[in-house]
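Okay, structure first, notes after.
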Amino acid sequence: MKRIEVAELLSNEDKYIDQPVKLSGWVKAFRNNQFIALSDGTTMKTIQVVVNNESIDESLIKRIGFHACIQIMGTVKKSLGKGQSIEIVADNVLILGDNDLGTYPLQPKRQTLEFLREQAHFRMRTNTMSAVFRIRHAMAFAVHNYFNSNGYHYLHSPIITGSDAEGAGEMFRVTTLDAKQPPLTDDGKVDFSEDFFGKATNLTVSGQLQAEIGALALGKVYTFGPTFRAENSNTTRHLSEFWMIEPEMAFFDIHDNMDLAENFLQSIIKYVLENCKDELEVLDARIIETEKNMKKELRRPMGLIESLEFVTSHEFERITYTEALQIIMNSKPYKKKKFEYMVTWGDDLHSEHERYLVEKHFKKPVIVRDYPKSIKAFYMRENEGTEPDKKTVAAMDILFPGIGEVVGGSQREERLDKLVERMEEVGIEPAEMQWYLDLRKFGGCPHSGFGLGFERIVQYVTGMGNIRDVIPFPRAPKTAEF
RNA sequence: GCCUCUUUAGCUCAGUUGGUUAGAGCGCCGGACUGUUAAUCCGUAGGUCCUUGGUUCGAGCCCAAGAAGAGGCGCCA
């Protein structure tokens, strides 16, 4: 007999009533020596299996324990109990994998996320983590689906890069040289000309520059792949290895760019709302349970599903950096000196300021644009007509409640002279990036793009507090287990 | 990298002013149970009190150093 999957069985109950079936899965609960809640991973839901101790050997029944793996042969019947409409009356149980509960770390009860993080090889078996990783999958699919159906081409940017001018953070070196005795040049430095690639190479910190190459040929492209930062960041929203989505579009100005980012974010959140209802309910319930004993002002202002619906049905607020600064400086907490950092024009906004804008002032996602030139990257396009001492660039950040910056993007500087000038200002040798300058020299055009941290948006959608709980095997400083 | 907090049974945590044999709930194990929904009921076992050093007649508790974890900040996505 062919094995049937639980998802198929539960979505076509009538079809299988009174039919013999075979199915395999893991025991989520075994009640009253009689009722098994069985999951095979095809759905969040479990199917109830009834074992009759007249037909099933007692020694076998003793081996039906939490998370043991079993195969069932039986008949689908209308359930006699409440809580489920069908169940399987088992004729035969086969143990596929015993579970030694004396030494198994998981327990059929709520466990802390910190403990589960140390059990990464088991944590996907829990309801919470199962829901998170199902949603992560759905969102990855939604990303490709969105871009594909809107005429974008998926561009695979390199993971190993020889470019060291991307300026997005500390990099991980890729080398095959002997760590103890590397070849040295005459002045005593490591001689990378003898390295595998004949030059110093690193893991990528961004696929943006390569995406620009794609955009200037294919029109609209996006990258979606692993990205690496060797920063010693110890926070709930940073990883050393994370997945980044970077669309890049020819002929888009900063406003087209913001329209795309907003529409894209709302679309993938909508996709989860429509396709991951069970998963969201599990996570929503967990948050309510966690916050039950918390003070009211520390609880989330909205339920998880409610807040996702809110974000997809309300436009993001759009303001300039200068306007944002005004709002902060005129705010009550700023005047009462409740903020740790003061601000003047030209300073970057601190987390506390961004949080105020998003969580207190507007109470929804905010897009801040036109940042001071001095605090932004060399490739961002300088705005025209700004005061000489208050020059800005066409950059934009999207800030979300709870997690801060999820998107950072800009219109790129397409004017060759301006770009060279800027590179010299910040100390990047133009000759090192000839190919990048060539894009301006030979048939360049206005273009824009942004980078979106995939885990950040998964974090927002799942409501998980720590980014290490939304990637299966987190990589962070001092953390590379599994 | 900086700041704060935490570390006691498999898990989550109590542990009074430094004082004899370190406790609970859940889980595990054993038993009961044929309509349960995180089943329920009864019983047993289970400890390098993170590590090292110090103070003290005596340290889970005080001091110092280290380790691991969490949260906040900075850097960013």
Side-chain angles (χ1 to χ4, degrees), chain A residues 28-37 45-56 61-62 65-67 77 79-84 87 89 99-119 126-127 166-170 205-208 226-246 261 285 289 298 339-341 348-355 375-377 397-400 403-409 450-460 465-469 471 476-479 481:
Chain A
K28 295 290 181 178
F30 187 36
R31 294 181 282 266
N32 208 8
N33 248 352
Q34 195 184 175
F35 301 102
I36 301 167
K45 295 197 182 86
T46 56
I47 178 90
Q48 173 153 291
V49 177
V50 186
V51 292
N52 185 324
N53 66 5
E54 284 159 20
S55 60
I56 311 292
I61 285 181
K62 282 198 182 303
F66 181 60
H67 283 185
K77 293 284 181 192
S79 180
L80 300 175
K82 289 172 186 167
Q84 60 281 316
E87 61 194 17
V89 179
N99 195 15
D100 175 16
L101 294 174
T103 52
Y104 187 54
L106 299 194
Q107 295 172 19
K109 64 165 190 176
R110 189 185 174 81
Q111 295 191 275
T112 62
L113 297 170
E114 291 78 18
F115 175 71
L116 291 174
R117 222 169 279 155
E118 293 168 3
Q119 310 291 335
T126 66
N127 277 343
E166 290 163 18
E170 288 297 313
V205 292
S206 164
Q208 180 204 310
T227 310
F228 308 86
R229 303 271 167 94
E231 301 284 348
N232 191 11
S233 298
N234 295 290
T235 78
T236 53
R237 39 183 200 285
H238 288 86
L239 289 166
S240 307
E241 177 182 297
F242 64 101
W243 286 63
M244 189 151 66
I245 298 154
E246 294 177 287
E289 179 68 26
L298 292 175
F339 286 128
E340 192 182 338
Y341 295 94
D348 209 349
L349 301 176
H350 285 270
S351 295
E352 56 177 352
H353 306 131
E354 295 179 347
R355 290 186 86 108
I375 58 171
K376 288 292 182 181
D397 285 354
I398 303 186
L399 312 174
F400 262 51
I403 46 173
E405 189 179 338
V406 291
V407 164
F450 62 83
L452 181 148
F454 184 56
E455 283 76 15
R456 294 244 175 115
I457 198 67
V458 177
Q459 215 185 336
Y460 180 73
N466 193 315
I467 201 165
R468 298 178 191 200
D469 296 328
I471 187 166
K478 300 276 186 295
T479 305
E481 293 301 307

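Naming convention: chains lettered A, B, ... in sequence-line order (proteins, then strands); numbering from 1 in each chain.
Whole-Å rounding puts the I375(A) CD1 to C76(B) C1' distance at 13 Å. Distance K28(A) NZ to A39(B) P: 13 Å, rounded to the nearest Å. In this structure, E354(A) atom CD and C75(B) atom P are separated by 9 Å, rounded to whole Å. Spacing between atom CZ of R237(A) and atom P of C75(B) amounts to 10 Å, rounded to whole angstrom units. Going from atom CZ of F115(A) over to atom C1' of G27(B) covers 11 Å, rounded to whole Å. Between the NZ atom of K376(A) and the P atom of A77(B) there is a distance of 7 Å, rounded to whole Å. When the C1' atom of C73(B) is taken as reference, atom CZ of F339(A) falls 15 Å away, rounded to whole Å. Taking atom CG on N466(A) and atom C1' on G71(B), their separation rounds to 10 Å, with Å as the unit.
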Worksheet item: So what does the secondary structure string of RNA chain B come out as, 5' to 3', with Watson-Crick or wobble pairs under 3.5 angstrom, [ ] for crossing and | for pairs with another strand?
Response: (((((((..((((.....[...))))..((((.......))))......(((((..]....))))))))))))....
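A9(B) and A45(B) have their C1' atoms separated by 11 Å, with the value rounded to a whole Å. Remark: the separation of the P atoms in G46(B) and U52(B) is 23 Å, to the nearest Å. The gap from the C1' atom of C61(B) to that of A22(B) amounts to 12 Å, rounded to the nearest Å. Across the C1' atoms, C13(B) and U17(B) are found 23 Å apart, a figure rounded to whole Å. To the nearest whole angstrom, the two P atoms, one in C26(B) and one in U40(B), are 9 Å apart. The P atoms of A68(B) and G25(B) are separated by 35 Å, rounded to the nearest whole Å. Remark: the separation of the C1' atoms in A65(B) and U21(B) is 33 Å, to the nearest Å. Using atom C1' as the reference point in both G69(B) and U51(B), the two lie 15 Å apart (nearest Å).
Among the protein residues, E455(A) comes within range of no part of the nucleic acid, since none of its heavy atoms lies under 4.0 Å from any strand. Here L239(A) lies in heavy-atom contact (under 4.0 Å) with a base. No engagement by T227(A) is indicated, since no non-hydrogen atom pair under 4.0 Å with the nucleic acid exists. Counting any heavy atom pair closer than 4.0 Å across all strands shown, T112(A) reaches sugar-phosphate atoms only and no base atom. Nucleic acid contact class of E87(A) (heavy atoms, under 4.0 Å, all strands): base. Residue F400(A) is out of contact with every strand shown, counting any heavy-atom pair closer than 4.0 Å. F242(A) comes within 4.0 angstrom of a nucleotide base, judged by non-hydrogen atoms across all strands. Counting non-hydrogen atoms under 4.0 angstrom, Q84(A) reaches a base of the nucleic acid. If you check every strand for non-hydrogen atoms under 4.0 Å, L80(A) touches a base.
Side-chain contact between V51(A) and F30(A) is present, with heavy atoms from C-beta onward closer than 4.5 Å. In this structure the side chain of N466(A) never reaches within 4.5 angstrom of the side chain of L113(A), judged on heavy atoms. By the 4.5 Å heavy-atom criterion applied to side chains, V50(A) and K77(A) are not counted as neighbours. By the 4.5 Å heavy-atom criterion applied to side chains, F242(A) and I471(A) are not counted as neighbours. Under the 4.5 Å side-chain criterion, counting only non-hydrogen atoms from C-beta, E289(A) is in contact with R110(A). Residues H238(A) and I467(A) form no side-chain contact, since every pair of their non-hydrogen atoms from C-beta on lies 4.5 Å or further apart. Between L106(A) and L116(A), some side-chain heavy-atom pair lies under the 4.5 Å cut-off.
Along RNA chain B, the nucleotide nearest G408(A) and the nucleotide nearest G465(A) are compared for position; the residue whose nucleotide lies closer to the 5' end is G465(A). Where T103(A) and R355(A) meet RNA chain B, the nucleotide closest to each residue was compared, and T103(A) sits on the side nearer the 5' end.
Side-chain proximity of E114(A) to C76(B), G69(B), U37(B): nearest is G69(B). Which of U36(B), A70(B), C75(B) sits closest to the side chain of R117(A) comes down to A70(B). Checking G74(B), G35(B), A39(B) against every side-chain atom of A29(A), the shortest atom distance belongs to A39(B). Comparing atom distances between the N234(A) side chain and each of U36(B), C26(B), G1(B) picks out G1(B) as nearest. Distance from the side chain of H350(A) is smallest to G74(B) among A77(B), G74(B), C75(B). Closest approach to the S233(A) side chain among G74(B), U36(B), A70(B) is made by G74(B) (side chain taken as heavy atoms from C-beta onward).
Rounding to the nearest 0.5 Å gives a distance of 11.0 Å between OG1 of T46(A) and CD1 of I36(A).
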Close N/O contacts between protein and nucleotides 48-50 of chain B (under 3.5 Å):
none

Could you list the protein-to-nucleotides 32-34 of chain B atom pairs, N/O on both sides, closer than 3.5 Å?
unit_1	atom_1	unit_2	atom_2	d
C33(B)	O2	N32(A)	OD1	2.9
C33(B)	N4	N33(A)	ND2	2.6
U34(B)	O4'	Q34(A)	NE2	3.3
U34(B)	O2	Q34(A)	OE1	3.3
U34(B)	O4	N53(A)	OD1	2.7
U34(B)	O4	E54(A)	OE2	3.0

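A donor and an acceptor atom never sit less than 3.5 Å apart when one is taken from the side chain of E118(A) and the other from the base of G69(B). For C75(B), its base sits under 3.5 Å from the side chain of H238(A) at one donor and acceptor pair at least. Counting atom types as modelled, Q111(A) pairs no side-chain N or O with a base atom of U12(B) as donor and acceptor under 3.5 Å. For C73(B), the base has no donor-acceptor partner in the side chain of S351(A) [N/O atoms by modelled type, under 3.5 angstrom].
Within a 6.0 Å radius of CD in E481(A), no more than 12 heavy atoms belonging to other residues, nucleotides or ligands are found.
By the 30° and 60° cut-offs, the orientation of the rings of H67(A) relative to Y104(A) is perpendicular.
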